Structure formats: structure tokens, C-alpha cells
Amino acid sequence: AQTVTQSQPEMSVQEAETVTLSCTYDTSESDYYLFWYKQPPSRQMILVIRQEAYKQQNATENRFSVNFQKAAKSFSLKISDSQLGDAAMYFCAYRSSGGATNKLIFGTGTLLAVQP
Amino acid sequence: GAVVSQHPSWVICKSGTSVKIECRSLDFQATTMFWYRQFPKQSLMLMATSNEGSKATYEQGVEKDKFLINHASLTLSTLTVTSAHPEDSSFYICSARVGVRNTEAFFGQGTRLTVV
């Protein structure tokens, strides 16, 4: 079975600085998807970024980028120029490729605080 | 992105009563919907996978007679908590996947259930 591990329960960053959130996963599959979701205090889950395992290039979305190391099964999220609105719980998630019913497997989350 | 609407946002009910939570995909047809439960400061726990026109697939340990899921149309899935007890108090979130092979899941805003 696949597992997702987030080893940092809480992180803190100064506004305008850069922070990296860690995520590792375990799988025997070669094709899959990885995601980072943000859950602000409103508790609405928001997709931040996604990565297809078959793509070597790291995904980027504006200030958010990932460092995808397939061999090491690592998928970290870098937030550049941190803003107060980035404060939230961040979940790393894994999904097998293929059928629509394949479920998301979430990590335990990292609570990010942004200091003004 | 696609919009998933969940209703109600919060509900208080008395022990022994049943409560229904609706999850609607507003601008797309969702073949598959997922129901999660989230305890404070914890990750999302998948309860069941709901497919339109068929019985839901429940995760191990989730009581199917307690948490009734119906997916009667491509835009609506419902979760009914039957004979609710205080330990059922939690945050419930639904998500829906666009199409069959699309990788992204969109989340509803969640429902906070309090059983008194």
C-alpha cells in the first residue's frame, strides 16, 4: 500500500522569505500523481500544485514550485516570497494513475505560519 | 476551476436523529465523488468512494449502515449520518473528479457537524 509522510508538523517563515515543506512517499508503482493541497482556516481544500511522475521537469505555479526526486521518492514544496495569505495547513497527496476511482492518499499535514 | 458545492456548511442535530449532507458539482459531471472526515488538526480520512448509479465503496472501518451514501445523479451525492451520536461530530468534506481520466479532484467547502 502507498503511504505519504510529512515529517514537519509545523513550520514558520518570515514574510517575503522562502520556505520548503517536505514530503516523502512510498510506492511500488511507476506511474502516479503527486499533489500539494492548501487548507486555510476556512478549511476549503485548494490545489496548489501537481506533478505527474512520468515528467522529469519540476512543476511550478507562480511562487510555488516542487522538487520532485522520483528515485528518492521525495516531493518537497517551495514557497517563495511568502505572503501572509500563505498561512495554512499544507497536505501532500498521492494518487495512482489510471481509473477515476483511484483515491487520494494524504499525508498528515504541515501547519505553516507566516510571520509579518 | 470546477466548483463543488457542499450543503449545509454547518449543522447541529440532536443525538439519535439523522442528518443529510449534499455535495453538488455545479459546472461539470462527476462520475466519482469522495467523502472524507477530518478531525481537528488532523488529515483527511477517506470514508467512501461514490460512483453514480452504483453502491458506494466504503473504506475499512467505516460503518456503511451509519453513513449512507447515495449518488443518484452525475451532479449530486449525499451523505446521511443516521442515528447520530456526539462521537460523529466532525468536519465532513466531499470531493469530485472531473471526467474519467482527469487527475484533479475539486473539494467542497466542508460541513461541520455537531451532535448534541
Side-chain angles (χ1 to χ4, degrees), chain A residues 1-11 21 23 25 29 31-55 59 61 75 87-113, chain B residues 1-6 9-10 23 25 28-52 54-60 62 71 74 77 90-113:
Chain A
Q2 297 84 17
T3 59
V4 177
T5 302
Q6 292 179 252
S7 59
Q8 305 155 316
E10 297 183 13
M11 292 281 285
L21 307 184
C23 173
Y25 58 95
E29 299 174 333
D31 194 15
Y32 48 87
Y33 303 98
L34 296 165
F35 305 85
W36 278 98
Y37 281 92
K38 170 185 177 181
Q39 188 179 41
S42 68
R43 305 192 76 171
Q44 171 74 58
M45 294 288 285
I46 302 166
L47 178 65
V48 175
I49 199 165
R50 74 178 181 207
Q51 174 82 43
E52 289 90 344
Y54 65 86
K55 291 185 177 179
E61 286 288 342
F75 183 61
M89 180 73 88
Y90 287 82
F91 292 101
C92 178
Y94 171 103
R95 179 184 167 237
S96 299
S97 66
T101 56
N102 285 347
K103 58 191 178 186
L104 281 169
I105 300 170
F106 287 95
T108 51
T110 297
L111 182 62
L112 178 66
Chain B
V3 178
V4 175
S5 177
Q6 196 171 333
S9 297
W10 60 270
C23 180
S25 55
F28 67 98
Q29 293 185 330
T31 308
T32 304
M33 290 186 174
F34 303 87
W35 287 96
Y36 297 86
R37 183 173 181 175
Q38 186 180 31
F39 292 102
K41 297 186 179 181
Q42 293 190 25
S43 189
L44 280 70
M45 180 191 77
L46 181 66
M47 299 175 65
T49 302
S50 166
N51 292 295
E52 185 268 337
S54 63
K55 292 183 178 180
T57 301
Y58 289 81
E59 295 298 301
Q60 191 172 9
V62 178
H71 194 160
L74 285 171
S77 177
S90 190
F91 192 70
Y92 294 87
I93 308 175
C94 71
S95 76
R97 185 163 293 136
V98 179
V100 177
R101 298 196 64 80
N102 191 283
T103 62
E104 187 170 345
F106 296 92
F107 287 81
Q109 69 270 42
T111 297
R112 178 176 300 283
L113 170 63

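Each chain gets a letter, A, B and so on, in the order its sequence line appears, and its residues count up from 1. All of these numbers come straight from a predicted model, not from anything done at the bench.
Proximity to chain B (any heavy atom under 4.5 Å) is restricted, for A/Q39, to the side chain, taken from C-beta onward. Heavy atoms closer than 4.5 Å to chain B are found in the side chain of A/F91, but not in its backbone. Looking at B/L44, the atoms closer than 4.5 Å to chain A (heavy atoms on both sides) sit in the backbone and in the side chain alike.
The heavy-atom pair separating A/A93 from A/L104 by the smallest distance is CB-CD2, 4.0 Å.
By the 4.5 Å heavy-atom criterion applied to side chains, A/M45 and A/F106 are counted as neighbours. Residues B/Q29 and B/E52 form no side-chain contact, since every pair of their non-hydrogen atoms from C-beta on lies 4.5 Å or further apart.
No other option in A/L47, A/I46, A/I105 has as many heavy-atom pairs under 4.5 Å with chain B as A/L47. The choice from B/M45, B/Q38, B/Q42 that makes the most heavy-atom pairs within less than 4.5 Å of chain A is B/Q38.
The distance from atom CZ of B/F106 to atom OG of B/S5, rounded to the nearest 0.5 Å, is 15.0 Å.
Relative orientation of the A/Y32 and A/Y25 rings is perpendicular, given thresholds of 30° and 60° on the angle between their planes.
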